[in-house]
Amino acid sequence: MRKTLPLVITFVAGAIMILQSYIQSDFLYNFVQNYLARAVTVSTAWAVGLGAVNVIRVHGRRISNKRPSYFYSMVLLGTFFWFAIVGFVMQKHNSDPFYLFFYDNILLNLSATMYSVLAFYIGSAAYRSFRVRSLDATMLLLTSMIVMLGAVPIGQAIWGGFPTLAAWIGANINTPVLRAMTIGLTLGALTQSMRNLIGIERGHLSGGE
Amino acid sequence: MQSIFEKMYQVDRRVIYAILLLAMAMPMFFTLGLPINIDVYVEDAYKVVNELPEGSVIWIGCEYSASQIAEIKPMLQAFARLALQKGHYIYIGSAFADGCTTAHNWLQDIFAETGAVNGENYVIFGYRPSFNSTMEAVRSSVIDAMSDRDHYGNKLSDKPIMQHFEKASDIDLVLVFDSGSPGSDDYIAVWRSQGEVELIVCGATGVELPNQLVKYDAGLLQGVVGGMNGAAQLEKLVGVPGSATKGMDSQGLAHLTIIAFMVIGNIGYLVSKSRNLRSK
């Protein structure tokens, strides 16, 4: 029963969603709108809660066992609980200036900093990996240089043809490749979804097969 | 003893970081002021918003996290400014936790500048988890889908702006700011494929731009604004230069620096390689 019931629910809900796309039925449409859509929203909220509990458990264990770098786990749980206190206990809404003071000065700035660090990693990685070792590597090197120069005004100032060349590469090389990859990935996702729907894939159930 | 050519392809990464930092910081002291040329897909994105009849319903999907501030903020502000100046109604929703909080932050100046009033010219729905189910629910009733509450906890059904937007088919344009998933793919799958909306314009991060251009070429998107470059082009079209325009000098010098290191590394590599072959 513990394994059968989730499989039955998965199949019924999935079948309704598929049928609703192909059959004009007020019953199916209303069932999806009024029940299924809201059920997914509620279960997602439960999943968020479960994730929060897991974060507390994992980092709490790191702190209690004094694992290496447990200080960072303390910082994580400290800010986690602080934001929870601000929201639940102090009842500060996420547009309240008090909440926004911490949001803007901690989360926003740290997120932007982490994202910006990527620029340096990419610079270093490009220097090390784009080497003229083979024909393929040479083509990659030249393409990357053309696209980088075509993407900024300074490239156009050097030579007016860079943006045109970069656009040609995007439209005639990049687009077909991405389309092929998208089709392949979609077919793979479709197969995997069908396996989940009909119960072949049971890895998400406890104990597996 | 390493030759100069061997040193050229083994530069310490800290040197690369320092020179890159210098190159990006230089425009803080002087500006290059190079002209910004408009790509056809950015111009199409601008035209779609600009040519909508007054009083159109625009859904703004803030599907990004706060870390994308440098690229998304200027294009969000430019589009919001344009839409409000044209007298359109904007409805802001998000499946990302940061989306509506940052929209509230970043658009306050735009609302003040255009005289937009919450509940009359714009409304921020707030974060809703599970994108697909929320968007499905909007197809029948947006107030029910949002549980009759906006981002600030106020009742949606009390707001005059909601009389223009009851369900998804009332939307004239979807403006989605895409940083991955969920993104424009999901709006196309849930709304466009079901015939609820026809016009979708995407503001994407630079990394997402190639993916969005594929959909633009296929006609699934009516315009794309990509990365800081696209945001700078949009600011030029709207006529109000902002942070993206200022950032283009830094971005250009950073690109040149990376290319210079690539060239230096390859020269060093090729010369060292040929010397090694000759010595054998």
Side-chain angles (χ1 to χ4, degrees), chain A residues 17 21 29-30 32-34 36-45 47-48 93-95 99-100 103-104 107-116 119-120 122-124 126-128 130-133 141 144-145 148-149 151-158 163 167 170-171 174-175 178-179 182, chain B residues 9 11 13 16-17 20-21 24 32 34-37 39 65-70 98 100-102 104-105 128-130 132-134 136-137 139-141 144-145 151-153 194 206 210-211 213-214 217 227 229 232 248-249 251-259 261-262 264-266 269-270:
Chain A
M17 287 302 297
S21 299
Y29 183 79
N30 290 331
V32 168
Q33 296 296 317
N34 296 328
L36 267 188
R38 291 181 191 191
V40 172
T41 305
V42 170
S43 56
T44 306
V48 171
H93 195 268
N94 56 5
S95 59
Y99 175 91
L100 285 174
Y103 184 89
D104 288 345
L107 182 68
L108 200 66
N109 288 338
L110 288 175
S111 298
T113 303
M114 289 307 297
Y115 200 63
S116 307
F120 298 95
I122 286 169
S124 171
Y127 165 74
R128 278 171 215 297
F130 288 145
R131 292 284 156 86
V132 185
R133 292 192 183 95
L141 170 69
S144 67
M145 286 167 69
M148 283 174 72
L149 287 170
V152 287
I154 207 167
Q156 173 133 29
I158 294 170
N174 185 62
T175 296
L178 276 176
R179 281 194 180 136
T182 303
Chain B
Y9 78 86
V11 174
R13 67 180 66 187
I16 299 174
Y17 295 161
L20 208 48
L21 177 64
M24 286 191 280
L32 295 171
L34 293 167
I36 294 171
N37 293 295
D39 291 317
S65 55
S67 56
Q68 278 108 30
I69 178 173
D98 291 338
C100 287
T101 307
T102 49
H104 163 86
N105 273 359
R128 295 291 184 278
S130 184
N132 282 345
S133 59
T134 305
E136 274 290 343
R139 289 178 62 203
S140 59
S141 168
D144 285 348
H151 178 64
Y152 310 99
Q194 303 290 341
N211 291 335
L213 288 179
V214 172
D217 283 339
N229 187 23
M248 288 317 298
D249 287 347
Q251 196 174 77
L253 287 175
H255 282 208
L256 273 184
T257 308
I258 293 172
I259 288 170
F261 273 112
M262 282 159 62
I264 290 167
N266 278 291
Y269 172 76
L270 286 171

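Order of the sequence lines fixes the chain letters, A, B, ..., with proteins taken first and strands second; residue numbering starts at 1 for each chain.
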Structural part of [X] lying under 4.5 Å from a heavy atom of chain A:
X      : value
B:D98  : both
B:N211 : both
B:N105 : side chain
B:L256 : side chain
B:Y269 : side chain
B:R128 : neither
B:P210 : both

Do [X] and [Y] touch side chain to side chain, with heavy atoms closer than 4.5 Å?
X      : Y      : result
A:L100 : B:H104 : yes
A:L149 : B:I259 : yes
A:R179 : B:D217 : yes

What closest approach, in Å, do [X] and [Y] show between heavy atoms, and which atom pair accounts for it?
X      : Y      : value
A:G123 : B:L20  : CA-CD2, 4.3 Å
B:P35  : A:P153 : O-CB, 3.5 Å
B:Y17  : A:S124 : CE2-CB, 3.8 Å
A:A151 : B:Q251 : O-OE1, 4.5 Å
B:I16  : A:R128 : CD1-NH2, 4.4 Å
B:S67  : A:S111 : CB-O, 3.2 Å

Hey, could you give me the [atom1]/[atom2] distance between [X] and [Y], rounded to the nearest 0.5 Å?
X      : Y      : atom1 : atom2 : result
A:Y127 : B:T257 : OH    : OG1   : 14.0 Å
A:R133 : B:N266 : CZ    : CG    : 8.5 Å
A:I154 : B:M248 : CD1   : CE    : 10.0 Å
A:M17  : B:E136 : CE    : CD    : 4.5 Å

Per-residue contact mode, [X] against chain B (heavy atom under 4.5 angstrom):
X      : answer
A:T113 : neither
A:L107 : side chain
A:A126 : both
A:T44  : side chain
A:M114 : neither
A:D104 : side chain

Winner by heavy-atom pair count (cut-off under 4.5 Å) against chain A, out of [options]:
options                        : result
B:L213, B:I69, B:N37           : B:N37
B:R139, B:H151, B:R13          : B:H151
B:V214, B:L253, B:N229, B:I258 : B:V214

Leading residue by heavy atom contact count with chain B [cutoff under 4.5 Å; candidates A:V48, A:T182, A:T175, A:N109] |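 Winner by heavy-atom pair count: A:T175.
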
